[in-house]
Amino acid sequence: MKRVLITGAAGDVGGRLRKLLKGAYDLTLSDIVKPAPLAPGEKFVAADLADMAAVERIVKGVQGIIHLGGVSIEKPWELIHPANIVGCYNLFEAARKHRVKRVVFASSNHAVGFYRRHRRIGTDVIVRPDSRYGVSKAFGEALGAFYADKFGLGVLCIRIGNVADKPADMRRMSIWIHPEDLVRLIRIGLEHPALRYEIVYGASDNARSWWDNAAAHRLGYRPQHRAEDHLAHAQKGQAELPPDPIGDRFEGGPFCSAEFAADPDASGA
Ligand code: 15L
């Protein structure tokens with residue numbers, strides 16, 4: 001694995017990964033806007049993911065892709081559709097055409113956000129998206145399975161919780177991932193010799209986790225960061241949040257309560 005493309009490289013997670021992956025691979029960075037400043041050895045090519053010709057240009061010549069690109073929170077469908085549905089299709093299709101070996105897809109906890117917090121779920125449960133954004137991540141996971149099974153692409157979908165130096169509130173105590181642990185998962189996705197298609201949770205070693213991350217563990221993932229070490233920080237953040245009785249029932253939190261117009265006892269799983 002020599003050259004790796006990072007889409008969405010100008011975002012917060014992209015910026016963190018660029019620093020941590022420096023030296024491990026030759027990096028091609030792509031986004032709509034150029035991240036500043038570029039480090040020596042980094043190459044930047046602008047691309048709108050909805051433009052297939054542009055996506056083919058960035059994918060050509062790389063062996064691996066870390067696909068962070070697209071809309072990363074809930075937005076109107078008019079924004080989600082081109083970036084996360086059309087864009088994600090273009091990315092996988094270009095990877096197939098240009099014989100890319102591995103795609104690591106940044107999925108999200110919001111693909112399963114409507115599970116209740118008292119449950120512990122693995123990656124074999126059906127998707128329960130909490131937003132249009134979550135639906136787009138479930139779509140990306142399905143695309144990944146299709147390209148893996150039909151065309152032999154190696155695909156790791158990471159249902160990322162929340163990437164930060166510390167968990168910001170009590171929901172994040174359950175879903176937080178330190179950037180260094182995320183890099184551990186990404187490198188499994190790019191390099192594990194036996195990988196064909198897997199979904200894992202992007203979480204650190206969190207005692208309050210809602211997820212059974214056995215699939216990641218089986219692939220050799222050993223997170224080094226623990227949410228419990230930052231409990232006081234998360235409690236302080238939580239105390240500053242407004243009450244959210246609907247969001248507090250479900251794993252997706254505010255993504256669930258936004259626009260909510262159903263019977264909460266009948267929603268979710
Ligand atoms: C996500 O999927 C988002 O990309 C990120 O911005 C956070 O909102 C995170 O989920 C979260 O659930 O905290």
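In listed order, ligands and their atoms are each counted from 1. Fair warning: this is a prediction, and the values are worked out from it, not measured in the lab.
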May I ask whether A168 places a heavy atom under 4.0 Å from ligand 1?
-> no

How far is atom 3 (C) of ligand 1 from its nearest protein heavy atom, and which residue and atom name does that atom have?
-> S72 O, 3.1 Å

Any idea which protein heavy atom is nearest atom 7 (C) of ligand 1, and the distance to it?
-> N162 ND2, 3.6 Å

So which protein heavy atom does atom 11 (C) of ligand 1 come closest to, and at what separation?
-> R171 NH2, 3.3 Å

Proximity of K137 to ligand 1 by residue part, where a heavy atom lies under 4.0 Å = neither

Can you say whether the rings of Y201 and W211 are parallel (under 30°), tilted (30 to 60°) or perpendicular (over 60°)?
-> parallel

Report, in ascending order of atom number, the atoms of ligand 1 lying under 4.0 Å from any heavy atom of R172.
-> 13 (O)

Those atoms of ligand 1 less than 4.0 Å from some heavy atom in G161 | 9 (C), 10 (O), 11 (C)

Please work out which of the three classes, parallel, tilted or perpendicular, describes the rings of H225 and H178, given edges at 30° and 60°.
-> parallel

In short, A111 meets R159 closest at the heavy-atom pair CB-NE, 4.5 Å

Working for side chain to side chain donor-acceptor pair (under 3.5 Å), residues H192 and R187 = CA-CA 8 Å; H192 192 290; R187 295 202 67 171; over 6 Å; no

Which atoms of ligand 1 have any heavy atom of S108 under 4.0 Å away?
-> 1 (C), 2 (O)

Can you list the atoms of ligand 1 that are under 4.0 Å from a heavy atom of F255?
-> 8 (O)

Is the gap between the ring centers of Y89 and F139 under 6.0 Å?
-> no

May I ask you to decide whether R120 forms a salt bridge with D212, counting only side-chain N to carboxylate O separations under 4.0 Å?
-> no

Just need the protein heavy atom nearest to atom 12 (O) of ligand 1, so name the residue and atom and give the distance.
-> H110 NE2, 2.7 Å

Where's the contact between N109 and ligand 1, heavy-atom distance under 4.0 Å: side chain, backbone, both or neither?
-> side chain

Mind telling me whether H81 and W77 have parallel, tilted or perpendicular rings, with 30° and 60° as the class edges?
-> tilted

Note: R222-D181 ion pair, threshold 4.0 Å (strictly below) | no

Does ligand 1 have a heavy atom under 4.0 Å from the side chain of I73, from its backbone, from both, or from neither?
-> side chain

